[in-house]
There are 2 protein chains.
Amino acid sequence: MGEIQVWPERHTLADEAYVELKSRILQSILEPGAKLSIDGLAKHMAISQTPIREALARLEAEGLLARRPLVGYTVTPLLTITEFDDLFDLRMLMEPLAARRSAERGTDRHDMGTTADGLRSMARTPEYAHDAKLSQLEFTEADSRFHAEVAANSGSTVLTKAIRRLDAHLHLHRAYMEPESIGETEVEHLAVAEAIIAKKPLAAEEAMRRHLERSRTRHRAAFEAARTEPTPKPKRAKAKP
Amino acid sequence: MGEIQVWPERHTLADEAYVELKSRILQSILEPGAKLSIDGLAKHMAISQTPIREALARLEAEGLLARRPLVGYTVTPLLTITEFDDLFDLRMLMEPLAARRSAERGTDRHDMGTTADGLRSMARTPEYAHDAKLSQLEFTEADSRFHAEVAANSGSTVLTKAIRRLDAHLHLHRAYMEPESIGETEVEHLAVAEAIIAKKPLAAEEAMRRHLERSRTRHRAAFEAARTEPTPKPKRAKAKP
DNA sequence: CGAACGCATATCCTATAGGATATATCCTAT
DNA sequence: ATAGGATATATCCTATAGGATATGCGTTCG
């Protein structure tokens, strides 16, 4: 019983609404451009409007929603191909830096950072699940977590936050990736992880750079494939069960 | 009467509360660590709690406030010296890129971008006002606007938003009230502006880099000066008029 | 036939009341 | 005297009602 219970982390309905909505947005259950009705959401979640409003305000500040005063909130539209390229340009600036610093610190003797095994396990992608869609979701989340972990291990909160903000938008596009690229991703992630564990800053930086280059190519292919068949899920999200 | 009225930009009480609170934080009227009572603020602004909550949620997502569920909001502590350095590292990555791209586009024939004169006028810093504190705030805002404008003129919304979300000026202003050499800043801004107007990408990039380097040096001096005298205003902000 | 005006509805925004939780105070026991 | 616990208060959080605004539709006029 000597365990230090860090505290049950009290959370409110506003927190739950925030998590729920963010999840729906990132899974494209709420499609880009969709209108979010406040009391519609309130009824759907069986809570009142006040916590919904609070969650929406946070998501807007985070860039996932757009707000027009006295009109309502809408889901941020998908990136254009130009914006997509710009986003990767920024990742190419920031994430190799994060990898380098992370490697400078290494994975041992840090209260805040990860362990070597933790990083390795995060680099790995989950096994194929039965449900293809679920598998896809797990992969995108695993990918996101790995990049976030590398950033966090850099020890720079500023850098970590900046990377996370970029990632939120990228996440919307991960859903369009081909499943066969999962294997490649895992290999590249492991290269980054091992360089960090071995405390080889330059190697880690370069490994991340290469990973992003190839990732960009893969995403771009998926992007243009999606262009041909206009929308993978053309059904309207009216949220009226 | 032929003027196109872009619309009176409807705003809500939540918006007003947001602006008001942000302003108070930036002026250190609300000091770091200060507790913000929700219905205290509501009574003080003579509005109800709901819009206050919404404003607080936004400010929290923006990093100016910290929230503990069921306890309350507190003003975020100032940047540490490490975070200060990290912040400038990121600016040094992103803003020279923005300056380069901005120079590639130039300042003419763009619907979105600025005019040459517009950019020049933004490079200039405002005159001194009576109130030193307000004067300092105006300078910060002018500086912020110039950097934002250079970013916007790059044509990349992703880059622009990423730079804005760093909220560099916001945090720097909070931390260091020492008046930075206004003259130097203006000269450096003009160097950047002219390089952009002349469509010299490399020169613009380099000018921005040099400006940031010197700005970092200036701020750093103020930072360490502030370190010696621990807190400029040791009085508690209990906000009980 | 097209455009403009007015009304009706849906939705947002704000205010207020009450339940739930954390913190401070006071008391008791060792 | 100090540590531990119970009570009281302050504050947060949630729900709900009502005023205010934008949008859609039908009608009317040019």
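Residue numbering restarts at 1 for every chain, and letters A, B, ... go by the order of the sequence lines. Computed over heavy atoms, backbone and side chain alike; hydrogens, waters and symmetry mates excluded.
In this structure, CD1 of Ile52(B) is placed 11 Å from P of dC12(D), rounded to the nearest angstrom.
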Using atom types as modelled, flag every donor-acceptor pair under 3.5 Å from a side chain in residues 55-66 of chain B to any protein atom, sequence neighbours excluded.
unit_1, atom_1, unit_2, atom_2, d
Arg58(B), NH1, Asp15(B), OD1, 3.1
Arg58(B), NH2, Asp15(B), OD1, 3.1
Glu62(B), OE1, Tyr18(B), OH, 2.6
Glu62(B), OE2, Tyr18(B), OH, 3.1
Glu62(B), OE2, Lys22(B), NZ, 2.9

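The strand DNA chain D forms stems, runs of 3 or more Watson-Crick or G-U wobble pairs with distances below 3.5 Å, at C:1-30 with D:1-30.
In terms of modelled atom types and a separation under 3.5 Å, the side chain of Thr160(B) and the main chain of Ser156(B) share a donor-acceptor contact. Under the 3.5 Å distance criterion, the side-chain polar atoms of Arg165(A) are matched with a main-chain donor or acceptor of Arg165(B). Of the possible donor and acceptor atoms, one in the side chain of Glu83(A) sits under 3.5 Å from a partner among the backbone N and O of Thr80(A).
Across all strands, Leu56(A) comes closer than 4.0 Å to no nucleic acid atom at all (heavy-atom distances).
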N/O to N/O distances under 3.5 Å, protein versus nucleotides 13-16 of chain D:
unit_1, atom_1, unit_2, atom_2, d
dC13(D), OP1, Leu70(B), N, 2.8
dC13(D), OP2, Arg53(B), NH1, 3.3
dC13(D), OP2, Arg53(B), NH2, 2.8
dC13(D), O5', Arg53(B), NH2, 3.3
dC13(D), N4, Gln49(B), OE1, 3.4
dT14(D), OP1, Leu13(A), N, 2.3
dA15(D), OP2, Ser48(A), N, 2.7
dA15(D), OP2, Ser48(A), OG, 3.0
dA15(D), N7, Thr50(A), OG1, 3.1

Val158(A)/Phe84(B) under side-chain contact (heavy atoms from CB on, under 4.5 Å): CA gap, chis, key distance, verdict: CA-CA 9 Å; Val158(A) 176; Phe84(B) 169 87; over 6 Å; no
Verdict with supporting geometry, Phe88(B) and Ser215(B), side-chain contact (heavy atoms from CB on, under 4.5 Å): CA-CA 9 Å; Phe88(B) 264 97; Ser215(B) 176; 4.0 Å; yes
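Using a 4.5 Å cut-off on side-chain heavy atoms (C-beta onward), Thr74(B) and Arg67(B) make no contact.
Taking the ring centroids of Phe139(B) and His173(B), they lie at or beyond the 6.0 Å cut-off.
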